[in-house]
Each structure stands twice: as structure tokens, then as C-alpha cells.
Protein chains: 2
Amino acid sequence: MAKKETITILDIARHTGLSKGTVDRVLHNRGEVSKKSHEKVMRAIEELGYEPNVYASLLARSQDLTVGLLVPAAEPGSFWELVSAGAGKTAGSVETFGLSPRLFTYDQYDIDSFRDACRQLLEARPAGVVIAPLFQEETNRFARELESGGIPYVFIDSKPDTIGHLAYFGMPPYQSGYLCADQLTGGQDIPSALIVRIRRDRDSRSDPTLNRRAGFMDYMEQYCPECPVFHLFIDPNDPAGIDRALDAWFRLHPDVRHIVMLNSRIHLLVPWLERHPDRRRRVVGFDNLRANMDALRRGTVTCLIAQHPEEQMRQAIEALADYILRKKLPENKDNFMHMDILTRFNVDYY
Amino acid sequence: MAKKETITILDIARHTGLSKGTVDRVLHNRGEVSKKSHEKVMRAIEELGYEPNVYASLLARSQDLTVGLLVPAAEPGSFWELVSAGAGKTAGSVETFGLSPRLFTYDQYDIDSFRDACRQLLEARPAGVVIAPLFQEETNRFARELESGGIPYVFIDSKPDTIGHLAYFGMPPYQSGYLCADQLTGGQDIPSALIVRIRRDRDSRSDPTLNRRAGFMDYMEQYCPECPVFHLFIDPNDPAGIDRALDAWFRLHPDVRHIVMLNSRIHLLVPWLERHPDRRRRVVGFDNLRANMDALRRGTVTCLIAQHPEEQMRQAIEALADYILRKKLPENKDNFMHMDILTRFNVDYY
DNA sequence: ATTATTTCCGTTACCGTGCACGGAATTCAA
DNA sequence: TTGAATTCCGTGCACGGTAACGGAAATAAT
């Protein structure tokens, strides 16, 4: 930390023969400054290498900057609840920075609600934005809007084709499928496997588990080429239907012992699984939802692959803070985060 | 966020009939305050719920506080190198807070060097200290010294019996052994297992892997009661000796396929293992050292259990920051951190 | 009782920015 | 030319805390 090297607005005021008031006006371009003075100040800033003192600014303003968090609404026990929780956990440590994160949620099945959330977020004049994107095109459009406003934004969880984002934090989708397959087989040859899928995902053109499934299938292809992989489709909103579907399916395939879901919903299978116990069964799913972790503890689920959504959110906000407060760009634009393997022996310390 | 609710030191000065100066003195307990005044101020702080304004503080001080990090010297490729690395990674984000971490290292086999490091650290007048302790009694003594100086300290990795620490971040030792055993067996019955140990550890009265081994053995007892567990002792500084020891031992036990080390040195076995390949062997070790991870990638090591030493350091420093800057105590004093399971399929994203 | 110490404590000048207020300089209208 | 309306710009206080300085009060020394 420099001693007397720090350049203050007073320095550049003196250097230009103007006053700190004027300098402040150009810094926040709030007008009332002649063209000539504006130029002089800009030049001086450049020459002297002025950098604003964040603390002083924050102190004087005594008002936090808001960071907008744009995430799907968190139904209780859902994946997005974890993400929101991450925001809360970060908040404490980040508020010291003078940033106060604020949540803007939308219905993940309603694009209009997404637009609404975007609008509200913009009205809050955020200094930065974290986006958990679901609608590709709409997200791109919003990103463009942020850029034109000079507002930095970070993606978490998944990433559209946008290029202008400050950073991205998420799990590598293909590799997560690969890892999942390895955990399912336990590195052994297995006779057969079942992927349980959400019917709606198959029909929608943007199946969120697409890449993950590709990784899964490639692993099986390579390490268990003889092993047939079955698919079963269920409706997550119809528990009774799930039970019937599983009953029917397993009547036809009574010897299938390896079951996997590539999204966060493995808990949907738990009631059926616990009514039909089988010590030699292996069940693998994703994400550290409470229901999933409970099933893990009881031994119904063998293993979960988790991506620490809270951690993603934390890092996203921190990257923003670094940029907003210190103009520091993150080291890497795209950050693929660690995939955690949870078993009942380490889940309690997660 | 409160509007005008913020309590300043001026408020508590008025409330106690004292002045800013005095309040400031007790806040930084730099003496020159009568017992009575000290008490009054403390009570007012409590009653009014005063929270220091970090920006103002940072602005006024315009000089970083140093945080001392007391860790064993990092031989290249060793566990402690990871810990030190963690310090570097944290630094960036913490410097914004006006804290600058500074490393003080000691020779883990030389208690005098530890004392030296302690002394140097104290001379730097740190605002807080992170300790990775190895020498129990000596550490306790040092802790006492810090306490009398009013300097908060945090332990990482392991924890002496001290009670006065601000926080502790580490892996739960017993459970890590349990988890390790589960990964070694893969949840199956196995016919036999070998623990490779460091000879010096057995002889010293403070074997760092003691609890871990207890967890390991208890798991085996419970899930593989028939499985014999062998022990083999090696000298880490004698590679040729290791080779000979392994040669000799495996001549006698050619069918043992499950090998484990409960410290970070599994890489010591790699040369021998790769000269005697066996696809059906399972090898489990600890900690994400470069050499270990490389062996994992090549398939020589099946799985590593890692504790994210960098993360421990980060959290330790952050806990200190919270306390120093905002007088916030950590939520939990003892924090057992997540145990990460690394396989060759997720190691690349670690 | 007087002087010398020590212990405590209040005063005050910053730290670097934000912003309101009012005044000087310039332009426009008459 | 003069008064009014605009532009521009400087001054000064506020933000909450830090720490040096010096002085008052309490205690010890003479």
C-alpha cells in the first residue's frame, strides 16, 4: 500500500486549476461543466493515474450499491433455493464491501415473468448483476441492455452464447455426466442401467440435461459397452403416476439395479425405492437438495454429485465486487467449478 | 439497511459522558483508559448495538493491518505448499478490506524454528493470526501470549486443546478415516487391506493420523469384519528403501489389492505401483498434492480425499477479518469442513 | 505543601469523496 | 447599457473513525 503516492481528486483539481467540486462533477458526469474543463480534468486523470478511493466514496455516500440477482423463484426444496441461499450467505461478507445483493426472481416456466424481473432489476439501477439464465434469447437481449448501460454481469449455473459477460461460474456439464456414470458403475462392469427423465424436458427443445447425458452415455460406451441403458419418463408433478410408472417398468425389468437421474430430482424416486428396498442397488443423482441429502443419509441414494450452488453465487458476487470496487477483472472468464461427490459418509460435513 | 439508525462512536461517547478518543481507545484496547470508563463504554456498545463502520475506519487508517500466518515451511510439492497457496489466493480479496496477510514459516521438525517464527510474528504486531499447529505445548504457550496481547487467532488443519481461539477450520479426523475406508472398499466386501505408514509417526507420541486410523479401523470392523488389515512402515526419505519394503511385503502377500495411506504421502508409493501394474487394485490416499493428483489422472491412485487447504486458509482469514474489522464472532467456533472425494473424473476441475 | 510522575481523557486535525449552496462569469433580452 | 437568465464553478460541511498532542486529575516523591 502506497504511502503518499495516492492521487486524490484534490490533486487533479490543483493540477487543472479547478476545484474538487468540478472534478467530482466530471467523475460522475452529472453535467454543469464546460467542455474545456471536462477535457482538462479527463486528461489530468489519465496523466496522474487517478484511482478513486472506494472507502471514502462509500463513506461519503453512506449508501450501499445494489447488486441484482436474477434467478428462478425458489420453490421450497428446489435447486434454486440453494442458489438463493448462497446469496444470503454471501451477503454478510459482501455488505462490508458496500454492496447489497438484491434478489429478483422469475417463474422458470413463464418468459413474461422473466421480462418483468429484468425490468424491475433495471429500475433498481444496480451496479452489477448476477444471472442464472434459462431463456437463451431473452437473456441475450437483456445482456445487451446491460452492456449499453455499462452494467457488468456474471452468469452462474449455465451460460448462453453471450460474450460480454464479466465471468461465468458453473459445473462442466459434459464431464458431470461422465463422473456420474463412473460413480454409478463404481468402476465395475454393470449389467444394465436406467436413466429416469422428466417428460417435459424431452419435449422442450432445451433439455437442460442434454450435455450431461452425452457425457454419461460416452462413459458407458467406453467402459461398459455391453451394458444396455434404459430410459423412463416421468411427470414430476404426479407422485402417484411416478409410482405407477416405476411399478410397471420394474415388473418388466426386475434385475436392473443401477438407477440414475441427471437432474436434481432424484428425491422423486425415493418413496418408491424405499418401498422396494434392495441392498445391492446403486442410485446416483445430482445436487445437494435437502430431500436428496436425507435419502443419502438413509442409504436410499448411493451418491450425489453436487456443484455447491451457494459457492457459485458467492464467487459470482465476489467477482462483481472486485470489478465494481477495484476495476479488477477476474482471472478467468469461464470458471468450471469442482464437482463434489457426496456419500453418506461425508454428507454431514457438507 | 437502517436509515439514520446507525450508532457511531460519537453516540456511545455521548451516552457515556466520555469522548470519541476514549471510546476509540477501548475499541482498540490500546490502554490509557480507567477500568470504570472501559466498563461503561463496553456496556454502552452492548446496549446501543454499536457496529464499527469499516469504510470510515479504513479511510482514517489508510494503512493495512497485517495478519500473521504461522505455517510449516512449504517444501515443494508438500501439503503445506497448498496451505501457503491458499494465503496467496485469499490475499487479493482481503486486501480490499485493508488487511495484508504475511507468512511466517517454520521447520516442522525443529521446535526452535517454531519459536523463532513466533517471535518474528509478534514483532510484526499483527492484528490477527492464523496458526497451523504442530507442536502442542509450544503452540499453547504461544496462544496464551497472543491472548495477553489481545490478538485474535484461528487454527487451521488441526487443533490443540486451547480454548481461547477465535475459530478452527479443518477436516473431521475420525470421519475422514471412515470415509476413506468406504472409498477403499467401494462399499463391497474386500478380502484384505494394507495401510502404509510412516515409521517416524509410530514412534512419535503424536501420530497425526491417529484419529483417522481409528475411523478407518472402525469402518472395517463394521462393514468388513472378516477383512484383515495389514500395516507396513516406511521411511519417506528413503525411496529405495520404500521400493525394497514393498517388494518384500508383496512377495509375502501377493493377493492384497487394497492399499491406503492415511496421510498426504500416497505419492511415495507411485513409482513402485506403476512398475507393478494391476488393473484390479484400489489405492486411496489423502490431499490434493500435485504428485497425488497426477497419479490420480494416470489411474495409479483410485481416489483421493481432499480437504481443500486453500479453502481452510481462506475461511480462516475471512473469519479474522470479520472479527478485526467488524467485531463479528464467527457463527461456529469449530468448523469441520467438507471432505472432497477426488477421482480422475473430477480432478481436472478441482 | 510542593514538585514530579503517572494515569486518564478531551481536543483536534486529518483520511478522500459527495453534494448542497451560493456566487461569479457568461450569455441573452430589452 | 442594464437587468435577467443561464452556465459554470468554488466553498464548506458531512461521513465515521484514527491517533497525535497536550493538559487535567490522581498518585507518588521530596
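Chain letters run A, B, ... following the sequence lines, proteins first and then strands; every chain starts at 1.
- Between B:Glu138 and B:Arg141, at least one side-chain nitrogen of the basic residue sits less than 4.0 Å from a carboxylate oxygen of the acidic one, meeting the salt-bridge criterion.
- Contact check, B:Tyr55 against C:dG18: no side-chain N or O comes under 4.0 Å of OP1 or OP2.
- In this structure, A:Ile45 places its CD1 atom 14 Å from C1' of C:dG16, rounding to the nearest Å.
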Pull out every protein N or O sitting under 3.5 Å from an N or O of nucleotides 20-24 of chain D, one pair per line with the distance.
none

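- A sub-4.0 Å separation between OP1 or OP2 of D:dA19 and a side-chain N or O of B:His28 is absent.
- Atom CG in B:Asn53 sits roughly 14 Å away from atom C1' in C:dT17 (whole-Å rounding).
- Taking atom CD1 of residue B:Ile324 and atom P of nucleotide D:dT18, one finds them 13 Å apart after rounding to whole Å.
- A sub-4.0 Å separation between OP1 or OP2 of D:dT18 and a side-chain N or O of B:Ser57 is present.
- Atom CZ in B:Arg14 sits roughly 12 Å away from atom P in D:dG17 (whole-Å rounding).
- The side chain of B:Ser19 lies closest to C:dG10 when the candidates are C:dG10, D:dG17, C:dG16.
- Between the side chain of B:Ser37 and the main chain of B:Val33, no donor-acceptor pair closer than 3.5 Å is present.
- Relative ring orientation between A:Tyr106 and A:Phe114 is described as perpendicular, the plane-to-plane angle rising above 60° on a 0-90° scale split at 30° and 60°.
- Contact annotation for B:Asp24: base contact, defined as any heavy-atom pair under 4.0 Å involving a base atom.
- Phosphate contact (OP1/OP2 of C:dC15, side-chain N/O of A:Thr8, threshold under 4.0 Å): absent.
- Remark: aromatic rings of A:His165 and A:Phe155 are close, center separation under 6.0 Å.
- Considering only side-chain N and O atoms, A:Thr22 lies nowhere under 4.0 angstrom from the phosphate OP1 or OP2 of D:dC8.
- Nearest to the side chain of B:Lys20, among C:dA13, C:dG18, C:dG16, sits C:dA13.
- Whole-Å rounding puts the A:Ile9 CD1 to D:dG12 P distance at 15 Å.
- Toward the 5' end of DNA chain C, the nearer of the two residues B:Ala56 and B:Leu18, judged by each one's closest nucleotide, is B:Leu18.
- Formation of a donor-acceptor pair under 3.5 Å by the A:Lys333 side chain with backbone atoms of A:Ile163 is found in this model.
- Atom CG in B:Asp11 sits about 15 Å away from atom P in D:dA14, given to the nearest Å.
- C:dC8 atom P lies 14 Å from atom CG of B:Asn29, rounded to whole Å.
- Between A:Met337 and A:Phe169, the shortest heavy-atom contact is SD-CB, 4.0 Å.
- Rounded to an integer number of Å, the gap from A:Leu59 CG to D:dA14 C1' is 9 Å.
- Taking the six-membered ring where tryptophan is involved, the planes of A:Tyr168 and A:Phe336 are perpendicular, since the angle between them exceeds 60° and thus also 30°.
- Under 4.0 angstrom from either OP1 or OP2 of C:dC8 there lies no side-chain N or O belonging to B:Ser37.
- Minimum interatomic distance between A:Val130 and A:Ala316 (heavy atoms only, all atoms of both residues): CG1-CB, 4.0 Å.
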